[in-house]
Amino acid sequence: MKIKAGIKLGICTALLLSTLAACSNKDASPGAAQSEKGVKITFYTVDQNNAFTDLVKAYQQERPEVKIELLNAQAGTDYIQKYEALQASSNPPTAAMLEQQTVLKFKDTLLDLEPEKAKYEKLTLPGTIERNLFEGKFVGVPWTTQGYGLLYNKRVVEEAIGGTFDPASVKTRNDLEALFKKVEAAGKAPVLIHGSDWSLGSHYLSLAYGLQSKKVEDNRNFLEGLKKGSVDLSGNPQFNGLLDTFDLLKKYNLRKNDPIVADFNKDTIDFAKGNAAFYFMGDWAWSVMDPVEGRDKQFGIMPVPISNNPDDYGNREIPVLEPFLYTIDKTRATPEQQEAAKQFFEWMVTSEQGQNAIISKMGLIMPYKDLKVKGTNAISPSISNYVKEGKVINLGMFKFLPGDHYAKLGASMQKYLINKIDRKGFIKEMESYWKSQAVN
């Protein structure tokens, strides 16, 4: 699986786009226009196994007066750049599936969906809409959720402890280490850390920002404080707790002799086959795990405990985000086209045909209450349970991270992983990076 280094949301975005990848539609013309018999809209996305093509056909059978033209781009950086080019040409698509940082960049060109907000708050799981506001505005409809943390291989863990494993029993860092010791005593590696910059800098380190507060605005202010140099990381309990846990993961890491090889396929397959009990990763790993011959069958996810106080925020929650949103243009689209796009979006996320395409065909998780379709991703039920119970770390601040964050600070995390720098050195590099952003 090729990792796209230019994706701003890190591997969440890269793997989701890879999952949705399809050939570009070179004959499609951008823009949207009224048709003689009804309304015509354009929809910018990446098709996977013709999933969106099939959805459009099904929708147009129900609504023949609506013509939808798909504008497809290749997965990866090209997907973002092509959308930016369409914006620059003043001929944007009527509707587009955009990652969060692109939504933030172009939010002033997108239709305010405030009239739809109450409806989607009822349709989605608690907290979903709040996580996806842009300076208080609702400009994008969520369609999938991704979660990450410590994936666990149920068979390996239960063989080590000699009984049924309840992830809720791990409430603190000490609990986690006690469990690691049992796994190690049973002859298995306790945990696997994927040593790439996106995993370390985008996913693990980003927890340091999301854990500051349950409120996105507080966490955004924390980022601004880092830019101004008013935040002292050496005295920040969430940041240091996160690194204390990282030290524990380093100690019991299956790859500790060569930790930054960072072969995603190999790491994921090793975990799927039970060569490690835990794996710091997200549900997107399932696309590699599922076809592995001889893999184990039962997997789940649990939080990364960051302290020895079970009541601390983060010890019982997993980080979640909605990496892509459905958006509508307000600069060129007519009111009729905007309304047609709204209705198409609602149909995709609430109809059985739409849910089947997203959950079964694409293998993704939806943050909606009334799901008519059951997916095959063995990790998704665990994530869905955390979301339903409200036990989530709000990563709404993710969209405010600089585009080079995971590459720059991921490299610093790699140096910390191999003990090339100590904590003091890592803090120095991290604080220097953020101060450099003050002029950007």
Assess Lys214 against Tyr313: is NZ or CZ under 6.0 Å from the centre of the six-membered ring, and within 45 degrees of the ring's axis?
-> yes

Using the six-membered ring wherever Trp is involved, compare the ring planes of Phe426 and Tyr416 and label them parallel, tilted or perpendicular (cut-offs 30° and 60°).
-> tilted

Less than 4.5 Å apart, any side-chain heavy atom of Ile359 and any of Ile365?
-> no

Evaluate whether atom NZ of Lys408 has more than 12 neighbouring non-hydrogen atoms of other residues, nucleotides or ligands under 6.0 angstrom away.
-> no

Does a sphere of radius 6.0 Å around CD in Glu62 hold more than 12 heavy atoms from other residues, nucleotides or ligands, not counting ones at 6.0 Å or beyond?
-> yes

Straight-line distance of Met302 CE to Leu176 CG, nearest 0.5 Å = 5.5 Å

Residue pair Asp270 / Leu192, side-chain heavy-atom distance below 4.5 Å | yes

In Å and rounded to the nearest 0.5 Å, what is the CG to NZ distance from Asn385 to Lys391?
-> 9.5 Å

Test log, rule side-chain hydrogen bond (donor to acceptor under 3.5 Å, both in side chains), inputs Thr145 and Glu322 = CA-CA 5 Å; Thr145 289; Glu322 286 69 38; 2.7 Å; yes

Side-chain H-bond candidate by donor/acceptor type, Asn309 with Ser307, under 3.5 Å = no

Main-chain N/O of Thr42 paired to Glu69 side chain as donor or acceptor, under 3.5 Å = no

Do Asp329 and Leu110 come within less than 4.5 Å of each other through their side chains, counting heavy atoms only?
-> no

Anything under 30° is parallel, anything over 60° is perpendicular, the rest tilted; go ahead and classify Tyr59 against Phe344.
-> tilted

Answer yes or no: are there more than 12 heavy-atom neighbours, outside Lys266 itself, under 6.0 Å from its atom NZ?
-> no

Count the heavy atoms belonging to other residues, nucleotides or ligands that lie under 6.0 Å from NZ of Lys228, then report whether that count exceeds 12.
-> no

Please determine if Lys399 forms a cation-pi arrangement with Phe134, meaning its NZ or CZ atom is less than 6.0 Å from the six-membered ring centre and no more than 45° off the ring axis.
-> yes

Return yes if some donor-acceptor pair links the side-chain N/O of Tyr152 with the main-chain N/O of Phe299 below 3.5 Å, else return no.
-> no

Within a reach of under 6.0 Å around NZ of Lys137, are more than 12 heavy atoms found that belong to other residues, nucleotides or ligands?
-> no

